[in-house]
*Asks:* 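Can you keep this structure in mind? I'll have questions shortly.
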Amino acid sequence: MPELPEVETVVRGLREALVGRTILAAEFPKPAGRMTNIDADLLAARVQGQRVRSLSRRAKYIVAALDRDTLLIHLRMTGRLYIREPQQSDPADAYLRVRFALNDGHELRFSDARKFGRVLLTDAPDSILPALGPEPLEPEFTLEAFAARLAGRKGVLKSLLLNQAFIAGVGNIYADEALNMARLHPLRTADSLSSAEIKRLYHAIQQALETGITMQGASINWYRKPDGTKGEQQQHLRVYHDPRQEKDKRCPECGTPIQTMTVGQRGTHFCPKCQKVRRTAAKAHAKG
DNA sequence: CGGACAACCTGGCGGC
DNA sequence: TGCCGCCAGGTTGTCC
């Protein structure tokens with residue numbers, strides 16, 4: 001599931017090969033369906049001849065600034081973005097949805113088995129992007145700013161972390177990882193947190209995401225780097241896992257079997273020992 | 001604001 | 001072996 005670390009890895013992996021190139025043509029092998037925000041033929045006509053000025057990331061969106069427009073790509077579940085030579089095939093080509101011809105002879109391809117991904121072209125990206133919270137790894141995201149955003153919130157932490165309008169880029173994997181690192185139960189509510197817990201959560205979010213980037217993303221199932229290889233983060237996950245592939249997953253801190261539950265319609269993984277629903281009165285007293 | 005739920009999709013898995 | 005049915009998940013939209 002491409003989240004901030006996975007999308008960041010894709011952006012970094014494509015930047016050198018893409019920035020400065022000019023898009024000569026766009027081809028849609030199959031009907032675009034809901035994938036694009038405008039008619040596919042119109043999109044193809046508009047990108048033609050535009051140079052890629054920069055490649056960046058906002059939340060889970062890949063942002064390609066072109067001469068006159070901005071190309072926004074969201075991988076959602078199974079989207080993949082990669083550059084190949086025209087005759088060079090890739091397993092992901094089975095689900096190819098867009099092919100951009102570049103002026104250096106290469107192709108930028110977008111494939112997507114589940115068809116949830118989005119390819120958007122606009123001259124006003126702010127007007128079509130949804131409300132997005134702060135970037136957790138930017139310097140503006142301070143502990144004070146995070147605490148201020150939490151103030152007044154009452155929802156459960158797991159759902160809040162997944163809310164892109166609250167904080168950008170966190171998805172199901174890294175929400176569970178961050179909550180385990182912070183030793184907070186997924187069902188704890190925002191208004192129940194002490195200052196110390198807010199601080200733990202703040203650092204845990206950043207640490208979980210930074211580790212994910214260092215490991216170049218988690219290839220639990222569909223995610224691959226632009227070169228087609230897997231990331232490494234799936235080998236370092238603390239609680240998140242696929243129970244069918246990984247039975248007997250245990251907490252790295254205490255060895256307790258990881259528990260799973262559903263929170264806000266999302267599979268949720270946590271350590272029942274490290275992540276209590278609430279501190280017990282005895283423990284709270286003992287800790288002062 | 002927040003929770004619940006449906007919808008979008010389809011590969012891959014469990015179950016039989 | 002083969003077929004059926006369900007689940008996964010990011011996001012949006014609806015409803016209360």
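Just the heavy atoms: all of them, side chains too, but no hydrogens, waters or symmetry mates, feed the values below. Protein chains get the first letters and strands the later ones, always in sequence-line order, with residue 1 at the start of each. The structure presented is a predicted model; accordingly, all values stated were derived computationally and were not measured.
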*Asks:* What is the separation between atom NZ on A:K158 and atom C1' on C:dG9, rounded to the nearest whole Å?
*Replies:*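 Atom NZ in A:K158 sits about 11 Å away from atom C1' in C:dG9.
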*Asks:* Hey, what's the ring geometry for A:H74 with A:Y61, parallel, tilted or perpendicular (30° and 60° as the breaks)?
*Replies:*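 Judged by the thresholds at 30° and 60°, the geometry between A:H74 and A:Y61 is perpendicular.
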*Asks:* Summarise how protein sits on nucleotides 11-16 of chain C as a single string, 5' to 3': B when a protein heavy atom is under 4.0 Å from the base, S for sugar-phosphate-only contact, - for no contact.
*Replies:* BS----
*Asks:* Please state how far atom CD1 in A:I173 lies from atom P in C:dA8, giving the value in whole angstrom units.
*Replies:*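 Going from CD1 in A:I173 over to P in C:dA8 covers 14 Å.
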*Asks:* Counting only heavy atoms not in A:E16 (residues, nucleotides, ligands), do more than 12 fall under 6.0 Å from its CD?
*Replies:*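 Result for CD/A:E16: open.
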*Asks:* Determine, for nucleotides 10-16 of chain B in 5'-to-3' order, which nucleotides have protein heavy atoms under 4.0 Å from the base (write B), from only the sugar-phosphate (write S), or from neither (write -).
*Replies:* BB-SS--
*Asks:* Please tell me whether A:F110 and A:F100 form a close aromatic pair, meaning their ring centres lie under 6.0 Å apart.
*Replies:*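 No, the ring of A:F110 stays outside the 6.0 Å limit from the ring of A:F100, centre to centre.
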*Asks:* Taking atom P of C:dG10 as reference, at what distance in whole Å does atom CZ of A:R34 sit?
*Replies:*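 So the CZ-P distance, A:R34 to C:dG10, works out to 19 Å.
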*Asks:* How close do A:V239 and A:Q275 get, counting heavy atoms only, and between which atoms?
*Replies:*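 For A:V239 versus A:Q275, the nearest heavy atoms are CG1-OE1, 4.4 Å.
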*Asks:* Whether the A:R266 and A:N172 side chains hold a donor-acceptor pair (N or O, under 3.5 Å, no angle test) is what I'd like checked.
*Replies:*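 Side chains of A:R266 and A:N172: no pair found under 3.5 Å.
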*Asks:* Assess, by modelled atom type and distance only, whether the side chains of A:E3 and A:Y223 contain a donor and an acceptor separated by less than 3.5 Å.
*Replies:*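 No pair is found: no donor N or O on one side chain lies under 3.5 Å from an acceptor on the other.
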*Asks:* Could you check how far CZ of A:F116 sits from P of C:dA8, rounded to whole Å?
*Replies:*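 Checked: the CZ to P distance equals 13 Å.
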*Asks:* Could you tell me the separation between the CG atom of A:N221 and the P atom of C:dG9, rounded to a whole number of Å?
*Replies:*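 Atom CG in A:N221 sits about 8 Å away from atom P in C:dG9.
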*Asks:* Can you tell me if A:Y240 touches the phosphate of C:dG9, counting only side-chain N or O atoms and a distance under 4.0 Å to OP1 or OP2?
*Replies:*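 Checking C:dG9 against A:Y240, a side-chain N or O does come within under 4.0 Å of OP1 or OP2.
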*Asks:* Just checking, A:R84 and A:Y82: is the charged tip under 6.0 Å from the six-membered ring centre and within 45° of the axis?
*Replies:*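 A:R84 over A:Y82 ring: no.
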*Asks:* So what does A:G267 touch, heavy atoms closer than 4.0 Å: a base, only the sugar-phosphate, or nothing?
*Replies:*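 Sugar-phosphate, no base atom in range.
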*Asks:* Send over the distance from A:L187 CG to B:dA4 C1', rounded to a whole Å.
*Replies:*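 Checked: the CG to C1' distance equals 15 Å.
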*Asks:* Any side-chain to backbone donor/acceptor pair from A:E135 onto A:A168? Under 3.5 Å, distance only.
*Replies:*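 Checked: no pair found.
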*Asks:* For the pair made of OH in A:Y223 and P in C:dG10, what is the distance, rounded to whole Å?
*Replies:*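 The answer, rounded to whole Å, is 15 Å.
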*Asks:* Quick check for you: among B:dC1, C:dA8, C:dG10, whose closest atom lies nearest to any side-chain atom of A:R153?
*Replies:*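 Selected nucleotide (nearest to the side chain): B:dC1.
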*Asks:* Please give me the minimum heavy-atom distance between A:M261 and A:F270, naming the atom from each residue.
*Replies:*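 So the minimum-distance heavy-atom pair works out to SD-CE2, 3.4 Å.
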*Asks:* Can you check the A:R118 CZ to B:dC8 P distance for me, whole Å?
*Replies:*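 The answer, rounded to whole Å, is 12 Å.
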